[in-house]
Q: 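Before I ask anything, let me first share the structure, which is written out below as structure tokens.
Everything numeric here is computed off the predicted structure, so don't read it as measured data.
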Amino acid sequence: MARVVIIGGGAAGASAAARARRLDPNAEIVMIEAGSMITHAPCGIPYAVSGVVADYKSLMTYSPEEFEKERNIKVLVNARAVDVDPDKRTVAVVRGGRGETLQWDKLIVATGARPLVPRIPGVELPGILTVRLPDDVPILKSELAGASTVGVVGGGYIGVEMAEALLHLGKKVVLFEMMDRLLPAALDADMASLVADEMKKRGVELHLGEKVVEFRGSGGRVSAVVTEKGEYRVDKVILAVGVKPDADLALKAGAKLGETGAVAVNEYMETAAPDVYAAGDVAEKVHRLTGRKVWIPLAPSANKEGQVAGGNAVKGRALRFPGVVGTAVTKFFDLYIARTGLGEEEAQRLGIKYDKAVIKARTKAQYYPGYAPVHVKMLADQSGRILGVQALGWDHIVAAYADIAAVAIERGATIEDLFFADIGYMPATAPVWHPLIVAARVLSRGKL
């Protein structure tokens, strides 16, 4: 009987455990989680901080007790894996102040990613906060309760979402991004400017293209953010400058880092070490459009990678993970932001010649109540193959535009394929000319 040990109880780890159990009812499966919650949803943290989600514990799909009972999987919570010995095939775990050693036949590392903390003066001051796990929510709410002005350092997904949360709490928000635009890893400059306009309208004080160089304190706590251009008083700071793969244990297990800095894996989620798998945000992926290695840490792919790793750990290459195209969705209040595939900078970096079209349309028929404007940007290479789509609009239906485009990109669809795609229509859900089809038509330069 095989013994599978999984380090990490989030999206990838819990999916790995569930799939391993489904494919092998006799395997001994142990899942180790450093926090108190498993099957948790870190993406929901901003909404739990703001109060949109009333109870942060609802960010957990299964309690450890439910998961253990229903799946027959041993779950160790508040248990920190501190070392891995690949020769003895053991994991050293500290739980409740006591150490123990677990033996494994197959090891799955699903340790995720951890917040980047820049090495700048004052970063260790109390009042500078990071966002990682749902367990952090009570701490964040407590720390922010008495704050009037909060600095957010970083204009990526977490920074934008936490800015919304802070506004819900009645805080003044000052956001700093060293790049010249928001969401620099997701949006091109022309699309990102729409997000900046919306954030300014909502009262966020934006400092784009402004690098933070120091944090200053008063009374033993952070009191100011210092950039290359000025000094700004704050009561608290949210650090949201990005994340990095939490790969230390994978390396101890004999895995290697790939070119992206995440753990190198093949399509079976196997690492360089025998019988050691990695899945989720700790592992790099293949971009299905370019064939290149990428690191895009997002929950949907983490769940699928976990399924692959868990299945292969008990059945031996039963499943394969084909890769990603970088589909992501976020929002700022009512503005929904969706993207998939390549942006202009990525295409230029890869030497891909492309054409682009940017259109403005409506999310519903113009005569139907409640329609909202939507901006769609589409890129295609010179053969007409769709490279990427970015969509921004004041309607949640915009998220589905990226989903449709993602499937098209994965399948190698051209703008002609998309133009003739049989996309559904009704006045309440889309105009008769769907915005994606309009973008494809414009991009065809009169050919369609």
Q: Just by modelled atom types, is the Val276 backbone N or O under 3.5 Å from a matching donor or acceptor in the Thr271 side chain?
A: yes
Q: Any idea how Tyr232 and His207 line up, ring-wise: parallel (<30°), tilted (30 to 60°), or perpendicular (>60°)?
A: tilted
Q: Looking at Arg132 and Pro42, would you say the former's side chain and the latter's main chain have a donor-acceptor pair under 3.5 Å?
A: no
Q: Above 12 or not: heavy atoms from other molecules or residues under 6.0 Å from NZ of Lys211?
A: no
Q: Looking at Arg114, I'd like to know if its CZ atom is crowded, meaning that more than 12 non-hydrogen atoms belonging to other residues, nucleotides or ligands lie closer than 6.0 Å.
A: yes
Q: What about His40 and Tyr56, are their ring centers closer than 6.0 Å?
A: no
Q: If you look only at pairs with a residue in residues 337-392, which of them pass as a ring pair (Phe, Tyr, Trp, His ring centres under 6.0 Å), with sequence neighbours excluded?
A: none
Q: Answer yes or no: does atom CZ of Phe419 have more than 12 heavy-atom neighbours from other residues, nucleotides or ligands under 6.0 Å?
A: yes
Q: Indicate yes or no: at least one non-hydrogen side-chain atom of Met31 is less than 4.5 angstrom from one of Val75.
A: yes
Q: Is Arg221 paired with Glu143 through a side-chain N to carboxylate O contact shorter than 4.0 Å?
A: yes
Q: NZ of Lys364: more than 12 outside heavy atoms within 6.0 angstrom?
A: yes
Q: Is a side-chain donor or acceptor of Arg181 paired with a backbone partner of Pro184 at a separation under 3.5 angstrom?
A: yes
Q: If you look only at distance, which donor and acceptor atoms sit under 3.5 Å apart when one is on a side chain in residues 224-231 and the other is two or more places apart or in another chain?
A:
| from | atom 1 | to | atom 2 | distance (Å) |
| --- | --- | --- | --- | --- |
| Thr227 | OG1 | Glu210 | OE2 | 2.7 |
| Thr227 | OG1 | Lys229 | N | 3.0 |
| Thr227 | OG1 | Gly230 | N | 3.1 |
| Thr227 | OG1 | Gly230 | O | 3.4 |
| Glu231 | OE1 | Arg216 | NH1 | 2.5 |

Q: Using side-chain heavy atoms (C-beta onward) and a distance below 4.5 Å, is Met269 in contact with Asn312?
A: no
Q: Looking at Asp135 and Ser36, would you say the former's side chain and the latter's main chain have a donor-acceptor pair under 3.5 Å?
A: yes
Q: To the nearest 0.5 Å, what is the distance between CD1 (Ile38) and CD1 (Ile32)?
A: 13.0 Å
Q: Looking only at non-hydrogen atoms, find the nearest pair between Val243 and Pro297 and report the distance.
A: CG2-CG, 4.2 Å
Q: Within the 4.5 Å heavy-atom criterion, are Leu342 and Ile352 side-chain neighbours or not?
A: yes
Q: For Gly13 and Ala110, which heavy atoms make the closest approach, and how far apart are they?
A: N-CB, 3.6 Å
Q: Between atom NE2 of His396 and atom CG of Leu335, what is the distance when rounded to the nearest 0.5 Å?
A: 14.0 Å
Q: Check the pair Arg441, Ile359 against side chain to side chain contact (heavy atoms under 4.5 Å, CB included), reporting the backbone distance first and the verdict last.
A: CA-CA 10 Å; Arg441 186 174 196 169; Ile359 63 108; over 6 Å; no
Q: How close do Glu410 and Val325 get, heavy atom to heavy atom, and via which atoms?
A: CG-CG1, 3.8 Å
Q: Evaluate the side-chain proximity of Arg317 to Asn266: yes if any heavy-atom separation is below 4.5 Å, no if none is.
A: yes
Q: With distance as the sole test, does Lys252 use its side chain to make a donor-acceptor pair with the main-chain N or O of Val82 at under 3.5 Å?
A: yes
Q: So, the side chain of Asp417 versus the backbone of Thr414: is there a donor-acceptor pair under 3.5 Å, distance only?
A: yes
Q: Distance check, rounded to the nearest 0.5 Å: Met162 atom CE versus Lys171 atom NZ?
A: 11.0 Å
Q: Got a second to check how far Leu187's CG is from Leu182's CG, nearest 0.5 Å?
A: 9.0 Å
Q: State which residues pass side chain to side chain contact (heavy atoms under 4.5 Å, CB included) with Phe420; sequence neighbours excluded, sorted by chain then number.
A: Glu416, Leu448
Q: Given Glu267 and Phe321, is the side chain to side chain contact (heavy atoms under 4.5 Å, CB included) satisfied, shown in steps?
A: CA-CA 5 Å; Glu267 61 187 344; Phe321 183 69; 5.6 Å; no
Q: Tell me which donor-acceptor pairs under 3.5 Å the side chains of residues 149-161 have, and how far apart each pair is, sequence neighbours excluded?
A:
| from | atom 1 | to | atom 2 | distance (Å) |
| --- | --- | --- | --- | --- |
| Thr149 | OG1 | Arg233 | NH2 | 3.3 |
| Glu161 | OE2 | Thr330 | OG1 | 2.5 |

Q: With a cut-off of 6.0 Å (strictly less than), are more than 12 heavy atoms of other residues, nucleotides or ligands near NZ of Lys293?
A: yes
Q: Are the side chains of Asp248 and Thr111 in touch, meaning some heavy atoms are under 4.5 Å apart?
A: no
Q: Once rounded to the nearest 0.5 Å, what's the spacing between atom OG1 of Thr327 and atom CZ of Arg339?
A: 8.0 Å
Q: So, Ser15 side chain and Ala12 main chain: donor-acceptor pair closer than 3.5 Å or not?
A: no
Q: Taking 4.0 angstrom as the limit, do Asp334 and Arg202 come out as a salt bridge?
A: yes
Q: Please tell me if the side chains of Glu305 and Lys285 come closer than 4.5 Å, counting only heavy atoms from C-beta onward.
A: yes
Q: For the pair Arg445 and Asp355, find out whether any cationic side-chain nitrogen is under 4.0 Å from an anionic carboxylate oxygen.
A: no
Q: By the ring pair (Phe, Tyr, Trp, His ring centres under 6.0 Å) test, which pairs, at least two apart or in different chains, include something from residues 119-153?
A: none
Q: Please find the pair of heavy atoms, one from Ala313 and one from Ile108, that lie closest to each other, and give the distance.
A: CB-CD1, 4.0 Å
Q: Under 3.5 Å, is there a donor-acceptor pair between the side chain of Glu164 and the main chain of Phe333?
A: yes
Q: A side-chain contact here means heavy atoms from C-beta on lying under 4.5 Å apart; do Pro118 and Leu239 qualify?
A: yes
Q: Answer yes or no: is there a side-chain heavy-atom contact under 4.5 Å between Ile415 and Ile386?
A: yes
Q: I'd like to know if the side chain of Asp395 and the backbone of Thr363 have a donor-acceptor N/O pair within less than 3.5 Å.
A: no
Q: Please confirm whether the backbone N or O of Glu259 pairs with a side-chain atom of Trp295, one donor and one acceptor, at under 3.5 Å?
A: no
Q: Going through the checks in order, is the side chain to side chain contact (heavy atoms under 4.5 Å, CB included) test met by Leu129 and Leu144?
A: CA-CA 10 Å; Leu129 313 170; Leu144 293 168; 4.2 Å; yes
Q: Is Asp190 salt-bridged to Lys356, going by a charged N under 4.0 Å from an acidic O?
A: no
Q: What are the two closest non-hydrogen atoms of Ala402 and Thr340, and how far apart are they?
A: O-CG2, 3.7 Å
Q: Identify each donor-acceptor pair in which a side-chain atom of residues 429-436 lies under 3.5 Å from a protein atom, sequence neighbours left out, and give them as a table.
A:
| from | atom 1 | to | atom 2 | distance (Å) |
| --- | --- | --- | --- | --- |
| Thr429 | OG1 | Met426 | O | 3.3 |
| His434 | ND1 | Leu436 | N | 3.0 |

Q: Are more than 12 heavy atoms from other residues, nucleotides or ligands located less than 6.0 Å from atom CE of Met178?
A: no
Q: Please report the C-alpha distance between Glu346 and Thr290 in whole Å, then the side-chain angles of each, then the deciding distance to 0.1 Å, and finally whether the side chain to side chain contact (heavy atoms under 4.5 Å, CB included) criterion is met.
A: CA-CA 10 Å; Glu346 294 168 292; Thr290 67; over 6 Å; no
Q: For residues Ala273 and Ala255, report the shortest heavy-atom separation together with the two atoms involved.
A: CB-N, 4.0 Å
Q: To the closest 0.5 Å, what do you measure between CG (Leu167) and NZ (Lys172)?
A: 12.0 Å
